[in-house]
Structure formats: C-alpha cells, structure tokens
Amino acid sequence: MKTDKHANNIVPFLSNTELNRSSLPNIVLSSDASKQRIAELQRFVQDVMIKGVDYGLIHGFSKPTLLKPGAEKLCDVFGFSKTAEVVNRIEHWESGIFAYEVKMKLIRKDNGIVEAEGLGSCNSKESSFQQQNPYTIVNTVLKMAKKRALIDAVLSATRSSGLFTQDIEDFPRQSDIKGGDDLATKVQLQTIFHIVNEIDMPTDVAKEMMKMTFDVKRSTQLTKKQASDFIQDLLHLKEAYEEVRQ
C-alpha cells in the first residue's frame with residue numbers, strides 16, 4: 001500500500017531512506033496551514049474581541065494585555081472546557097497573609113484531550129492590596145490566581161502570545177525602563193489620572209500611595225521608572241476592584 005508522505009499535513013524532514021535514523025520530530029502543520037491559523041486568530045481578535053473589555057492597551061507597550069473576558073471568548077471559539085485546581089495555598093489567618101497557586105487545564109470538548117495547562121498565583125502582600133484589609137480580599141486573591149492561570153493556559157493553547165502579553169505584571173519594571181531618571185512623560189501622567197478616575201480613587205488616597213511608595217507629593221514629581229511602577233500598581237488595584245464587583 002502506497003502512503004503519501006505529506007498526508008495529514010505531516011512534512012518529514014528526511015527522505016524515506018533516512019526515516020529510521022535518529023532525527024528531529026517532523027513538522028505536523030505545513031507553513032500554509034500555520035499561516036492560515038494565525039490569520040484566522042487575528043481576524044477573530046479584530047472582529048469579535050472588544051478593546052477595553054477583552055484586552056487592554058497601555059501606552060508605551062507594543063502588545064495589549066489579554067483580559068479574562070477575552071480569554072473566555074478564546075476558550076469558547078476554540079472549543080475548550082476549563083478545570084481549575086489549587087495546587088498550593090498559604091492561609092495565615094493570624095497574620096493576614098494569604099497566597100494561592102492555581103493550575104488551569106484546558107480540555108478539548110471534541111476528544112477530551114488536555115490541550116494546555118497554565119499556572120497563576122496571587123498573594124495578599126501584592127502592592128495593590130496594601131491599602132486593604134487582608135481578611136476581606138481572600139476570595140479576590142484566589143479569583144485573581146485563577147484568572148492568571150486561565151490566561152496563561154489560553155495563550156499557550158491558542159498560540160496567541162504573539163498577539164497578547166500574559167498580564168500587566170509582564171510589563172517592564174524599573175530596571176527595564178530607559179531614561180528612568182527623567183520625569184514622567186505627559187502620556188504616563190494622563191494614564192495615571194485616567195485610572196485613578198476610572199476606579200473612583202480619592203485624590204488624597206492616590207497622593208498617599210505615591211508618598212508611601214516613592215516619597216513624592218504629586219504625580220509630576222515621579223520619574224519615568226516610578227510612573228511605570230505606579231501605573232502597574234493602579235492597574236492591579238483596578239483588577240482587584242473588578243473581581244470584587246463580579
């Protein structure tokens with residue numbers, strides 16, 4: 001019986017006479033099929049996913065961050081079911097320290113095969129929780145760990161890391177920002193102002209956060225490095241508020 005060496009989109013690196021030798025694995029998808037899959041994913045993002053709901057755009061970063069609603073849409077369109085498991089937990093009720101690590105599995109609905117696994121963690125000592133009572137945010141910390149695990153798994157399963165970043169914690173921290181000794185840019189200050197208004201944070205609370213963290217009295221005194229970190233802290237806080245509202 002004659003077989004087609006290109007059947008099922010398998011393109012071998014070696015000729016038939018060399019197949020018995022030790023070699024690299026064969027490519028499962030042809031280049032055309034891979035390009036088509038990427039193009040279909042890009043069209044889905046453009047046509048179906050909503051900016052500000054499914055993904056967020058932050059000034060100064062080339063890739064948007066994938067948000068929970070967007071991750072769930074990708075699960076639906078790719079036909080994945082989800083199972084979450086808390087693989088590690090710390091619950092110190094006396095000291096108010098809580099931490100969770102979650103594993104998220106994405107399972108194909110058509111055949112039951114595990115397509116990808118993702119890990120996510122969150123703890124009550126993160127900077128975005130510093131102004132909150134740790135005993136009131138236990139469920140929020142757990143939900144954020146689950147969300148991060150979901151996004152990690154979705155990026156892996158859908159091969160969409162070229163389109164999205166993992167989350168806001170992937171954004172560069174102080175040592176990665178060039179010109180960090182210069183004062184914050186106008187765009188950074190506008191971003192801070194926008195997020196503070198979006199989460200209805202009182203001005204005196206925002207000033208107190210800057211004072212405690214960076215020892216400055218107003219945002220115009222922040223450096224580029226400090227402004228970048230403060231934006232991330234505010235985004236974490238916004239994320240926590242949204243989890244509480246759900």
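Everything quoted here is computed from the prediction, not taken from an experiment.
Not counting sequence neighbours, the partners of S160 by the side-chain hydrogen bond (donor to acceptor under 3.5 Å, both in side chains) test are T158. Partners of R89 under the salt bridge (charged side-chain N to carboxylate O under 4.0 Å, His left out) rule, at least two apart in sequence or in another chain, are E91.
With hydrophobic clusters built from ILVMFWY side chains whose heavy atoms lie under 4.5 angstrom apart, V196 shares a cluster with F214. Hydrophobic clustering, with ILVMFWY side chains joined whenever heavy atoms are under 4.5 angstrom apart, groups F78 together with F44. Residues I113 and V77 fall into different hydrophobic clusters, defined by Ile, Leu, Val, Met, Phe, Trp and Tyr side chains chained together at heavy-atom separations under 4.5 Å. No path of Ile, Leu, Val, Met, Phe, Trp and Tyr side chains, each step under 4.5 Å between heavy atoms, connects V141 with I90, placing them in separate hydrophobic clusters. Hydrophobic clustering (ILVMFWY, side-chain heavy atoms < 4.5 Å, transitive): V205 and F230 are in one cluster.
By the 30° and 60° cut-offs, the orientation of the rings of Y135 relative to W93 is parallel.
The backbone N or O of K103 sits nowhere less than 3.5 Å from a side-chain atom of E117 that would complete a donor-acceptor pair. The backbone N or O of R148 sits nowhere less than 3.5 Å from a side-chain atom of D152 that would complete a donor-acceptor pair. Looking only at distances, a side-chain donor or acceptor of S124 sits under 3.5 Å from a matching main-chain atom of F98. The closest donor-acceptor contact from the side chain of T191 to the backbone of V187 lies under 3.5 Å. Between the E126 side chain and the C122 main chain, no donor and acceptor come within less than 3.5 Å of each other. Checking side-chain atoms of T136 against main-chain N and O of N133 turns up a donor-acceptor pair under 3.5 Å.
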With side-chain contact (heavy atoms from CB on, under 4.5 Å) as the test, would you mind laying out the steps for K82 and M104 before giving the verdict?
-> CA-CA 7 Å; K82 308 180 291 290; M104 182 72 67; 4.0 Å; yes

Could you walk me through whether T223 and D182 pass the side-chain contact (heavy atoms from CB on, under 4.5 Å) test, one step at a time?
-> CA-CA 5 Å; T223 66; D182 298 334; over 6 Å; no

Please report the C-alpha distance between S81 and L106 in whole Å, then the side-chain angles of each, then the deciding distance to 0.1 Å, and finally whether the side-chain contact (heavy atoms from CB on, under 4.5 Å) criterion is met.
-> CA-CA 6 Å; S81 61; L106 299 185; over 6 Å; no

Please walk me through it: do K211 and D215 pass salt bridge (Lys or Arg N to Asp or Glu O under 4.0 Å)?
-> CA-CA 4 Å; K211 176 65 177 176; D215 195 27; 3.1 Å; yes

Might you work through the side-chain contact (heavy atoms from CB on, under 4.5 Å) test for V87 and V102, ending with a clear yes or no?
-> CA-CA 6 Å; V87 295; V102 174; over 6 Å; no

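At least one side-chain heavy atom of F164 sits under 4.5 Å from a side-chain heavy atom of V45. Proximity of K224 to L183: side-chain heavy atoms (C-beta onward) are nowhere separated by under 4.5 Å.
Partner of E115 under the salt bridge (charged side-chain N to carboxylate O under 4.0 Å, His left out) criterion, chosen from K105, R159, K109: R159. L66 pairs with exactly one of D54, L150, V154 by the side chain to side chain contact (heavy atoms under 4.5 Å, CB included) rule, that one being V154.
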